[in-house]
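In what follows, chains carry the letters A, B, and so on, assigned in the order in which the sequence lines appear, proteins first and then strands, with residues in each chain numbered from 1.
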2 protein chains.
Amino acid sequence: MFISKSCSYGIRSVAYLSGYPQGRYVPIRDISSDLNISYHFLTKILQMLTAANILISSRGAGGGVALAREAAAITLYDLIIAIDGDELFTGCLLRLPGCGTKTPCPMHQEWDVARGKVNHFCCHTSVTGLKQHMLLLAANPASDL
Amino acid sequence: MFISKSCSYGIRSVAYLSGYPQGRYVPIRDISSDLNISYHFLTKILQMLTAANILISSRGAGGGVALAREAAAITLYDLIIAIDGDELFTGCLLRLPGCGTKTPCPMHQEWDVARGKVNHFCCHTSVTGLKQHMLLLAANPASDL
DNA sequence: CAAATAAAAGACTCTTTTATCTTAAATTAA
DNA sequence: TTAATTTAAGATAAAAGAGTCTTTTATTTG
Ligand code: SF4
Ligand code: SF4
């Protein structure tokens with residue numbers, strides 16, 4: 001598993017918001033019901049994205065959350081870092097505690113190359129154009145599209 | 001996190017065993033104490049590797065677990081599949097349930113390329129030569145080598 | 001055979017993640 | 001200013017992952 005379930009929810013929400021004009025507030029309740037995600041749980045996750053300046057939020061009538069910048073400028077990397085932290089991008093593949101790579105193991109260098117591809121992908125991929133696909137899947141659960 | 005903690009333990013154990021002649025039984029107790037892993041927990045994990053024909057085991061005095069084939073022929077891929085399953089190698093990056101990639105999303109193809117590098121790395125990397133590094137780390141916890 | 005050894009199996013606990021529920025605070029609109 | 005709306009915050013619960021403990025089964029040794 002590359003990302004946590006929380007992170008998945010965060011990414012899906014940003015993809016969902018990318019279908020609206022940037023800066024337009026959308027209630028979290030709408031996102032959660034359209035994507036079949038627990039409302040209160042999603043609230044906490046989106047708070048992380050707000051804290052990371054990826055979303056902005058507004059309370060009260062007419063409020064909600066909105067993209068803080070254009071969707072194309074929000075990368076998977078930004079979202080994963082905000083929710084899961086940098087473990088995926090910098091931590092030890094083998095989860096060996098205490099390895100600071102000052103004395104790299106035999107596999108480290110090649111691993112760094114492979115992971116570099118993942119990092120590059122995440123840094124250069126935004127969630128634009130994902131909304132349709134997601135809503136399709138949300139509407140046809142377990143249909144194996 | 002690419003792999004689970006259980007998987008990390010399994011990989012470390014195989015690396016540890018690679019320091020012994022192939023087929024030579026080593027008690028799990030020895031592995032667990034040298035690597036600072038809970039004995040009974042490790043037992044369950046190594047059972048998965050035995051079930052996957054990566055290790056062989058023998059009960060009773062003089063028994064233990066042993067590599068079922070030469071260490072160089074055991075890849076990270078084998079170990080991850082045996083303990084964590086194939087999710088990492090085949091599952092959806094975004095953890096979207098029900099996506100069978102018959103109708104791929106805009107990011108799928110590029111993601112497949114990046115993940116292909118990870119898969120290739122795991123399929124071509126064995127744990128030989130890792131034992132020294134691991135014992136060093138186990139002996140100097142949190143020393144950030 | 002009896003005793004010692006060591007994996008296998010099962011029950012149980014602790015921690016982290018995921019999910020739910022309740023209350024508070026901020027904002028808008030009438 | 002009152003009511004409605006909506007995020008923020010906190011408490012609690014369920015599920016999954018990780019770790020511990022006990023009992024059983026298989027094997028070797030004497
Ligand atoms: S050197 Fe090896 S053990 Fe250390 S962080 Fe890199 S992959 Fe992990
Ligand atoms: S097509 Fe997109 S949503 Fe489907 S499995 Fe691939 S990455 Fe996931």
J.: Using whole Å, what does the distance between atom C1' of nucleotide C/dA26 and atom CD1 of A/Ile56 come to?
T.: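 Taking CD1 of A/Ile56 and C1' of C/dA26, I get 16 Å after rounding.
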J.: Mind calculating the distance between CE (B/Met48) and P (D/dA18) to the nearest angstrom?
T.: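 Atom-to-atom, B/Met48 to D/dA18, this comes out as 9 Å.
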J.: Check every atom of C/dT20, D/dA9, D/dT20 against the side chain of A/Ser38 and return the nucleotide holding the closest atom.
T.: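 Closest nucleotide to the A/Ser38 side chain: C/dT20.
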J.: Measuring from the side chain of A/Ser57 (C-beta onward, heavy atoms only), which nucleotide among D/dT7, C/dA7, C/dT20 has the closest atom?
T.: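 Nearest to the side-chain atoms of A/Ser57, counting from C-beta on, is D/dT7.
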J.: Looking at every strand, decide which applies to B/Leu46 at a 4.0 Å heavy-atom threshold: base, sugar-phosphate, or nothing.
T.: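 Since no nucleic acid heavy atom lies under 4.0 Å of B/Leu46, the category is nothing.
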J.: Say whether, by atom type as modelled, one donor and one acceptor occur between the side chain of A/Asp84 and the main chain of A/Ile3 under 3.5 angstrom.
T.: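 Pair absent, no side-chain N/O of A/Asp84 close to backbone of A/Ile3.
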J.: When you measure from the side chain of A/Ser33 to the backbone of A/Asp30, do you find a donor-acceptor pair of N or O atoms at a distance under 3.5 Å?
T.: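 Judged by distance alone, yes, a pair lies under 3.5 Å.
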J.: Can you work out whether A/Gly63 or B/Leu42 has the more 5'-proximal nearest nucleotide on DNA chain D?
T.: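 The residue mapped nearer the 5' terminus is A/Gly63.
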J.: Between A/Ser8 and B/Leu94 (side chain of the first, backbone of the second, donor and acceptor by atom type, cut-off under 3.5 Å), is there such a pair?
T.: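 Side chain of A/Ser8 to backbone of B/Leu94, a donor-acceptor pair under 3.5 Å: yes, one is there.
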J.: Does B/Tyr9 make a side-chain N or O approach to OP1 or OP2 of D/dG19 shorter than 4.0 Å?
T.: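 Indeed, a polar side-chain atom of B/Tyr9 lies that close.
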J.: Roughly how many Å is it from CD in A/Gln47 to P in C/dA26, rounded to a whole number?
T.: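 The distance from CD of A/Gln47 to P of C/dA26 comes to 14 Å, rounded to the nearest Å.
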J.: Under 4.0 Å from OP1 or OP2 of C/dT18: is there any side-chain N or O of A/Ser6 that close?
T.: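 For A/Ser6, the contact criterion (side-chain N or O under 4.0 Å from OP1 or OP2 of C/dT18) is met.
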J.: From the list C/dA7, D/dA8, D/dT28, which nucleotide is the closest neighbour of the side chain of A/Arg59?
T.: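 Out of C/dA7, D/dA8, D/dT28, the nucleotide with an atom closest to A/Arg59's side chain is D/dA8.
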J.: Between A/Ile28 (CD1) and D/dA9 (P), how many Å, whole number?
T.: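 Interatomic distance, CD1 of A/Ile28 to P of D/dA9: 12 Å.
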J.: Return the value, rounded to whole Å, for the distance between atom CZ of B/Arg95 and atom P of C/dT18.
T.: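 From B/Arg95 CZ to C/dT18 P: 7 Å.
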J.: OP1, OP2 of D/dT6 versus side-chain N and O of A/Tyr39: anything below 4.0 Å?
T.: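 For D/dT6, OP1/OP2 do not have a side-chain N/O of A/Tyr39 under 4.0 Å.
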J.: Can you tell me which nucleotide in D/dA18, D/dA8, D/dT28 comes closest to the side chain of A/Thr43?
T.: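 The answer is D/dA8.
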J.: Any idea which of D/dA18, D/dT7, D/dA9 is nearest the B/Ser4 side chain?
T.: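 Nearest to the side-chain atoms of B/Ser4, counting from C-beta on, is D/dA18.
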J.: Distance check needed: C/dA7 P versus B/Arg29 CZ, whole Å only.
T.: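 Atom CZ in B/Arg29 sits about 9 Å away from atom P in C/dA7.
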J.: Between atom NZ in A/Lys5 and atom P in D/dA15, what is the gap in whole Å?
T.: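 Value for this atom pair: 12 Å.
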J.: Find the distance A/Ile45:CD1 to D/dA9:P and express it as a whole number of Å.
T.: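 My rounded result for the distance is 15 Å.
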J.: For A/Thr103, is there any backbone N or O sitting under 3.5 Å from a side-chain donor or acceptor partner on B/His133?
T.: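 Yes, the answer is positive, given that a donor and an acceptor are paired below the 3.5 Å cut-off.
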J.: Consider the side chain of A/Phe41, meaning its heavy atoms from C-beta on, and name the nucleotide among D/dC21, C/dA19, C/dA8 that approaches it most closely.
T.: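 Selected nucleotide (nearest to the side chain): C/dA19.
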J.: Does the D/dG10 base have a donor-acceptor partner in the side chain of A/Lys44 within less than 3.5 Å?
T.: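 Flag set: donor-acceptor pair detected.
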J.: How about A/Arg24: does its CZ atom have over 12 heavy atoms from other parts shown lying under 6.0 Å from it?
T.: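 12 or below, so no.
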